Each structure stands twice: as structure tokens, then as C-alpha cells.
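So you know, we letter chains A, B, ... as the sequences are listed, proteins then strands, and number each from 1. Remember, it's a predicted structure, so these values are computed and weren't measured experimentally.
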2 protein chains.
Amino acid sequence: MDEPLRKPYSAPISLKQLAEYLKLSPATVSLVVNNAPHVRTIAKATRARVLEAAKELNYRPNSLARSLRTRQTFTIGVIVPELSEGYFTILMNAVESSLLQAGYLHFVVSHQWQPDLIDEYPKLLLNRFVDGLLLVNTELHQAVNVPVVSISGHKKMQGVTNILLNHDRSAMLALKHLYDLGHRRIAFMRGQRHVSDSQSRWESTMGRAQEIGIEVDPELCIYLEANSWLPELGYGPTRDLLSRRRDFTALFCFNDTAALGAIRAIADAGLSCPGDISVVGFDDIAVAAYHLPSLTTVRQPLRQMGEIAAQLLIKRIQNPNEEYADAIHFDPELMARESTREVSG
Amino acid sequence: MDEPLRKPYSAPISLKQLAEYLKLSPATVSLVVNNAPHVRTIAKATRARVLEAAKELNYRPNSLARSLRTRQTFTIGVIVPELSEGYFTILMNAVESSLLQAGYLHFVVSHQWQPDLIDEYPKLLLNRFVDGLLLVNTELHQAVNVPVVSISGHKKMQGVTNILLNHDRSAMLALKHLYDLGHRRIAFMRGQRHVSDSQSRWESTMGRAQEIGIEVDPELCIYLEANSWLPELGYGPTRDLLSRRRDFTALFCFNDTAALGAIRAIADAGLSCPGDISVVGFDDIAVAAYHLPSLTTVRQPLRQMGEIAAQLLIKRIQNPNEEYADAIHFDPELMARESTREVSG
DNA sequence: CCGACGAGGCCCAAACTGGTG
DNA sequence: GCACCAGTTTGGGCCTCGTCG
């Protein structure tokens with residue numbers, strides 16, 4: 001365990017120094033180390049010599065100088081609303097590993113739903129010459145001249161590929177599940193106005209409800225307001241709802257975190273989940289399966305969505321002139337667990 | 001809502017173009033826009049002219065060219081084990097906002113506890129000329145020539161400032177709490193060997209236990225192994241423990257996520273928390289207060305720790321020659337909630 | 001058989017990226 | 001105004017060798 005510290009990591013030698021050592025010009029060395037097309041014109045023996053010396057002297061090209069010239073930074077900018085638990089971490093674990101494999105690093109900025117930051121951050125990142133943008137639950141207000149991939153709820157826009165969940169299917173899975181368990185009076189949670197997913201999810205939910213024959217009572221609809229992705233998001237609104245009305249047997253939440261808050265509010269009101277009220281979440285974050293009761297939820301394949309998003313973004317960066325789909329849809333999956341149960345009586 | 005899209009964000013003009021427009025040399029313009037010390041030598045009227053034109057033509061200095069010259073990138077590298085729920089998100093929310101306020105962006109890389117990546121990532125980031133490194137639960141194997149701030153569990157090392165939790169106090173808070181509730185037979189969870197915090201926390205726990213008069217039964221000690229920061233981390237080991245022994249009334253967990261897994265394991269074994277077994281967590285992640293039962297836990301002031309870490313790192317970057325403490329300690333706080341209760345019988 | 005000329009092979013000079021001092 | 005940061009890129013230049021008159 002107590003291995004001696006090696007010498008501090010120091011700046012590598014420059015291309016010029018390497019060229020001098022090899023008695024070659026910087027141009028030649030550059031061609032070889034980059035394996036540029038033009039490298040054919042350089043003798044095989046020379047190439048080998050260069051590569052060997054580069055390895056030996058541990059030559060590493062200066063990324064700033066290179067980027068300055070080539071206008072490529074191998075950096076992408078990620079814009080998220082906030083570093084939420086569950087949702088964000090699962091997604092970004094997938095994004096990060098895909099990006100790193102391709103040799104890209106990424107900046108992360110979170111705008112906390114502040115409109116000025118939503119405007120500002122794309123510019124800030126472009127000033128740093130990111131090669132592309134990855135948006136999570138965030139909408140661009142201004143076209144940009146780098147490839148953009150957006151996860152969840154972006155308007156259709158030139159140059160932006162949207163990674164989307166099939167909302168109709170999501171709503172159908174959750175509502176069918178509740179309906180089959182006998183639930184008829186269901187409370188609904190609508191996401192915050194500024195969360196770009198809210199609108200389409202809500203419409204899908206209302207549409208499917210009508211289709212199945214579930215009547216939606218406006219009085220049983222909760223409208224989330226808090227700028228938060230924490231359990232308190234669902235706690236307050238659910239507590240308020242319960243103080244007004246208790247004539248419902250199920251609650252369909254906007255996300256798992258809110259669902260955890262809701263279940264707490266139900267317990268604090270002296271009721272039980274799923275005994276009195278069944279709760280359905282959304283996302284399937286890691287704690288969902290371990291919570292008491294474990295959470296029935298509509299699972300988003302966040303890992304795959306993150307991977308595809310990152311890979312597609314890189315493909316678009318490296319191949320800007322091809323045609324790309326402007327939307328990719330993913331299918332949700334219902335994870336039926338303990339927080340939903342047949343309606344009693 | 002349907003505001004028209006503004007023109008795409010385009011590359012700003014260069015310093016040279018600006019200079020040409022003003023019929024001045026690039027040098028002069030550079031001096032003015034940077035408000036360099038030497039700027040005194042330039043007529044006030046000229047200065048004003050330059051600044052006005054810069055604003056008007058929306059001049060933005062090319063960050064790559066500037067960094068190439070100045071060897072400063074206003075970028076810092078953050079190395080974490082993984083993008084864990086709770087711990088990571090709270091910390092990074094604080095880090096991010098502090099960094100952004102100071103004009104810094106950051107790269108995040110997570111090494112997933114793979115030794116080769118722990119070695120590789122500092123070099124990768126230094127190749128990108130980060131101005132400093134922020135380590136979370138990660139140890140450097142090689143000295144580097146930029147300032148480093150480390151949160152949790154770094155060995156003492158030249159040039160590294162450690163942000164640490166007072167482990168003795170943490171252990172004392174948790175154990176005293178359990179002891180006062182009448183618990184004498186307590187099970188303990190030891191963090192993974194490769195998690196740098198594990199060792200010192202374990203030693204503190206053992207030391208305080210002895211001091212208070214709690215006997216530690218090696219058979220009641222759980223050794224975490226999984227490379228995970230998810231509830232399963234605590235679930236498996238707790239389930240195994242319960243299948244062997246049930247003669248304990250409390251369990252002190254390595255972190256909250258593991259505690260949630262443990263509580264689930266207790267429930268799955270037909271026991272109840274806190275009825276049969278009290279559980280104490282560590283960290284105080286967001287769900288802790290909403291879980292059923294809500295989690296008694298040792299709270300780390302992660303937000304403050306993140307803020308201080310980021311601010312100190314920036315101070316060290318901008319002021320490299322001053323002396324800095326090599327450790328800053330933070331005090332934990334006990335959040336007594338429902339998962340612990342007086343021992344019955 | 002010699003000299004001229006053309007064709008490649010191999011490498012380099014120099015301009016360029018955009019700003020600093 | 002000029003050198004400098006550290007690379008990339010491209011249009012030649014020089015040399016060699018082969019061929020042909």
C-alpha cells in the first residue's frame with residue numbers, strides 16, 4: 001500500500017524538441033504522429049523512427065495548440081437542469097463512459113431552471129469551443145452551429161436530435177396497471193411548467209385515461225411548482241391534497257423522487273401505501289426497488305438513452321454531413337412492485 | 001412561449017479584426033480588453049473607443065489562443081469514484097456553483113475504482129491543462145504540479161489540501177445515540193477496502209466503541225465489497241448477516257444508501273426497523289428524511305464541504321505561493337429520526 | 001554510351017490558428 | 001512591431017533513379 005510516489009507528472013516535450021532530437025522538421029513529425037493522409041510520402045523507416053522516439057520521450061501533443069488550429073477540442077458540453085439524484089446520475093454514468101471511450105471529456109453545467117442561465121450556458125460552452133452539446137431536459141432558445149443531442153422534451157429543431165420516451169406507452173402502462181387493479185378514482189401529478197417533459201407527458205396521460213375510461217377529476221390533480229428534484233417536490237403537494245380530499249385510491253406521480261415524498265405524506269396523514277392509496281412513480285431510480293414499500297414505477301431505460309445520446313452525438317460530430325433522424329424513441333417498462341395493490345372494498 | 005429563434009450563435013470576430021477596424025495594433029487592443037497593468041500607458045480616449053467597439057462588435061477572446069499563451073484554462077478537473085446518488089449530487093451542486101461563479105468550468109471523470117483509471121485520469125486531465133484538481137474519495141499516486149484539493153480520505157501529501165470529516169466525532173455521535181437508547185449489541189458495517197474513507201472511519205468507530213463501553217463482536221461486522229454506491233451495497237451483506245445471527249439490536253451503516261438496502265433486508269427477513277433492529281446511516285442524503293422509516297443518520301455537511309473545497313482550490317490556483325493548511329475538518333451532526341428507537345425488553 | 005528529362009520519393013519552409021507581453 | 005505559445009497544413013524543393021534519344 002505504501003508505494004513510493006513517483007516523480008511529479010511534468011509537462012511533456014514539444015513537437016519541436018522532438019523534431020530537433022530526430023533532426024527532422026516539425027512538419028514531418030506532425031504528419032507522422034497524426035498519421036495524416038499526407039504521411040504516405042514519408043519513408044517507412046523515418047516513420048518508425050519518429051514513432052519510436054515519440055514513445056520513448058513520451059511525447060504528448062499540446063491539446064490547446066492542436067485545438068486552436070483544428071477547431072476541434074474533443075470536449076462536449078452537457079447542460080442539465082440540476083444534478084438530481086437518480087435520474088441524472090444514471091444518465092450521466094452512461095454518457096460519461098461512452099464519451100470517454102471515444103476520447104471526449106465533458107463540461108457539465110446546471111441551470112437550475114433559471115431562464116438567464118438557460119440562455120447563457122450554451123454560449124459559455126461554445127466560447128470554450130465544445131464540439132457538441134448534450135441537453136438534458138433543457139431547451140435551446142437559439143440555434144447553434146455544433147451538433148446537438150437532447151434527452152427528453154426538446155422542441156423539434158433543425159440540427160437537434162431528440163431522445164424521447166414513448167409517453168403514450170408510459171401512460172398506458174401505468175394507467176392500465178392501476179385500472180386492472182380496480183382503481184377508478186386516481187389522482188395525478190403534473191410536472192412543473194418549466195420541465196420540458198411535463199406538457200407532452202400530461203397530454204399523453206390525459207389521452208390514455210380517457211381511452212381506458214378513467215375519469216380525471218381536476219380537483220384530484222396536483223400541479224408541481226417547486227424547483228427541485230428532491231422528495232419534498234412531492235411531499236408538500238400531496239399533503240395539501242390529502243388535507244382537502246381523500247376520495248381517491250391511487251396516485252400517479254411525475255417521478256420517483258416525488259413519489260417517495262408522496263408516500264411519506266400519505267403516511268404522515270395516517271394513511272398507508274398501498275393499503276389506502278396505491279402510488280406509481282416514474283423513472284425507476286435505484287432506491288425504488290429497496291424502498292418500503294418498494295415502488296411500482298414506469299421505468300425509463302436511462303442507461304441506454306444516455307449511451308445512445310452520447311454515441312449519436314459523437315457520430316454527428318465526426319460525420320456532420322450525413323442525415324440524422326430528428327427523434328429516437330425509447331420504450332418504457334412497468335416495474336410492478338409493492339406500492340400498488342388491488343383496490344379494497 | 002413561441003418566441004422566434006434568434007440567429008444561430010456564430011463565431012465572434014478576432015482580436016486582429018477588431019484592431020483593424022479600430023486602426024490600432026492587436027497589442028493595444030489586447031492590453032485594453034484585458035485591463036492589463038500596462039494599460040496605463042494608453043490614452044483614456046483610446047481605451048474607451050476600444051471597449052466600445054469590443055462591445056458593439058461583440059468581441060469575445062478566443063479562449064484556446066489565450067490559454068495557449070497564458071497557460072491558464074479556467075478549467076478544473078474533478079475525479080470521483082462514481083456518480084453516486086446523494087453523496088455526489090449534493091457535493092457537486094455546491095462545487096459547480098462555486099466554480100461557475102469564479103468563471104471556471106470543470107471536467108468530471110469517474111474511475112469506478114479501477115486502479116488503472118485512478119492512475120490515468122490525473123494525467124488525462126493535466127494533458128488538457130486543467131488549472132487544478134478536485135478529488136473526491138480518491139487518492140493521487142503521483143504528485144502533480146497543479147493545486148489539488150481532496151474531499152475525504154486522502155493521505156497527507158505535499159500540495160494537497162484535505163477536506164475531512166471529523167471521524168471521531170461522527171462515531172461518537174452515532175454510538176452515543178445508540179448507547180443512550182439502550183443498545184449494547186451492535187452490528188457494524190465497514191466500507192470497502194478501496195474507499196479511502198473506510199480505514200479511518202473504522203478506526204474511529206472501534207476506538208469510540210471501546211471508550212463508550214460497547215463491545216464489538218467480530219462476528220457482527222459486515223465487510224462491504226461491492227463496487228457500488230447503490231442500496232444493493234448494503235442489502236446483500238445485511239441479508240447474509242441476518243441468516244447467520246440475529247442477536248443484535250442495532251446496525252451502524254457505512255452510508256445512507258447502504259442503510260436503505262439494509263432496512264430492506266431487515267424487512268425481507270421478517271423483522272422490522274426500528275422495532276427489532278435500529279439502523280443508523282451516514283451522509284444524510286435527500287431521501288433519508290422521507291424514507292419509511294425516516295433514517296437516523298450522521299450528517300456530513302456536504303454542501304459546505306463542496307463550497308469550501310471549490311473556493312479553496314480557486315484561491316490556491318490564483319495565489320499559488322501562499323501557505324495553505326493541509327487539512328480542514330468539518331463537524332458532523334446527528335439527525336435522529338425514526339430508524340432508531342429504544343431497545344425493547 | 002552519355003546527357004537530358006521526367007517521375008516519384010522524401011522532406012521542409014512558411015503560413016496559419018488568435019491572442020500576449 | 002515582433003517574438004512567442006505549440007501545433008497543422010500545403011505547396012513546393014531537392015535528390016535519385018530510370019528511360020530514351
Side-chain angles (χ1 to χ4, degrees), chain A residues 10-54 57-75 103 126-131 145-146 318, chain B residues 10-42 46-47 50-51 53-54 57-75 103 126-131 145:
Chain A
S10 57
I13 62 164
S14 73
L15 184 75
K16 267 161 201 152
Q17 292 173 294
L18 181 57
E20 204 168 338
Y21 169 83
L22 284 162
K23 305 245 182 286
L24 290 170
S25 80
T28 307
V29 177
S30 173
L31 289 177
V32 174
V33 297
N34 289 311
N35 202 14
H38 202 63
V39 82
R40 294 175 289 98
T41 71
I42 286 166
K44 264 206 158 146
T46 311
R47 271 188 254 174
R49 250 180 78 221
V50 172
L51 291 176
E52 198 190 348
L57 301 185
N58 191 29
Y59 168 69
R60 299 257 157 260
N62 181 307
S63 56
L64 293 172
R66 176 179 273 180
S67 294
L68 176 60
R69 185 68 230 253
T70 62
R71 328 250 75 182
Q72 261 208 88
T73 57
F74 290 92
T75 300
L126 290 170
N127 272 339
R128 297 290 199 110
F129 296 92
V130 294
D131 293 336
N145 45 18
V146 297
Q318 296 176 344
Chain B
S10 57
I13 62 164
S14 75
L15 184 75
K16 268 160 201 154
Q17 291 173 297
L18 181 58
E20 203 167 338
Y21 170 83
L22 285 163
K23 307 243 181 289
L24 291 171
S25 81
T28 309
V29 178
S30 174
L31 287 177
V32 175
V33 297
N34 289 310
N35 203 14
H38 202 64
V39 84
R40 294 175 290 97
T41 68
I42 290 167
T46 311
R47 271 189 256 174
V50 172
L51 291 174
L57 301 185
N58 191 30
Y59 169 69
R60 299 257 158 259
N62 181 308
S63 55
L64 293 171
R66 174 179 276 178
S67 294
L68 176 60
R69 187 69 231 255
T70 61
R71 328 251 76 186
Q72 261 209 88
T73 56
F74 290 93
T75 299
L126 291 169
N127 272 339
R128 296 292 198 108
F129 296 93
V130 294
D131 294 336
N145 45 17

Under the criterion side-chain contact (heavy atoms from CB on, under 4.5 Å), I'd like the reasoning laid out for B/Y59 against B/L15: C-alpha separation, chi angles, the key distance, then a yes or no. CA-CA 7 Å; B/Y59 169 69; B/L15 184 75; 3.5 Å; yes
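As judged by a 4.0 angstrom heavy-atom cut-off over every strand, B/A27 is placed among the base-contacting residues. Residue-level contact check: B/F129 touches neither bases nor backbone, having no heavy atom under 4.0 Å from any strand. Counting non-hydrogen atoms under 4.0 angstrom, A/S14 reaches the backbone sugars and phosphates but no base. When heavy atoms are screened at a 4.0 angstrom cut-off, A/L24 is found touching the sugar-phosphate backbone but no base atom.
Of the listed nucleotides (C/dT20, D/dG7, C/dG19), D/dG7 has the atom at the smallest distance from the side chain of A/A65. Side-chain proximity of B/K16 to D/dA6, D/dT8, C/dG18: nearest is C/dG18.
Here C/dG18 presents its P atom at 17 Å from CZ of B/R60, a figure rounded to the nearest Å. Distance CG (A/L64) to C1' (C/dT20): 14 Å, rounded to an integer number of Å.
Using a 4.5 Å cut-off on side-chain heavy atoms (C-beta onward), B/V50 and B/L22 make contact. The side-chain heavy atoms of B/S14 and B/L18, taken from C-beta on, include no pair separated by under 4.5 Å.
The 5' end of DNA chain D is approached more closely, in terms of each residue's nearest nucleotide, by B/T28 than by the other of B/T28 and B/R69.
Sorted by residue number, the members of residues 37-48 of chain A with any non-hydrogen atom under 4.0 Å from DNA chain C read A/H38, A/T41, A/I42, A/A43, A/T46.
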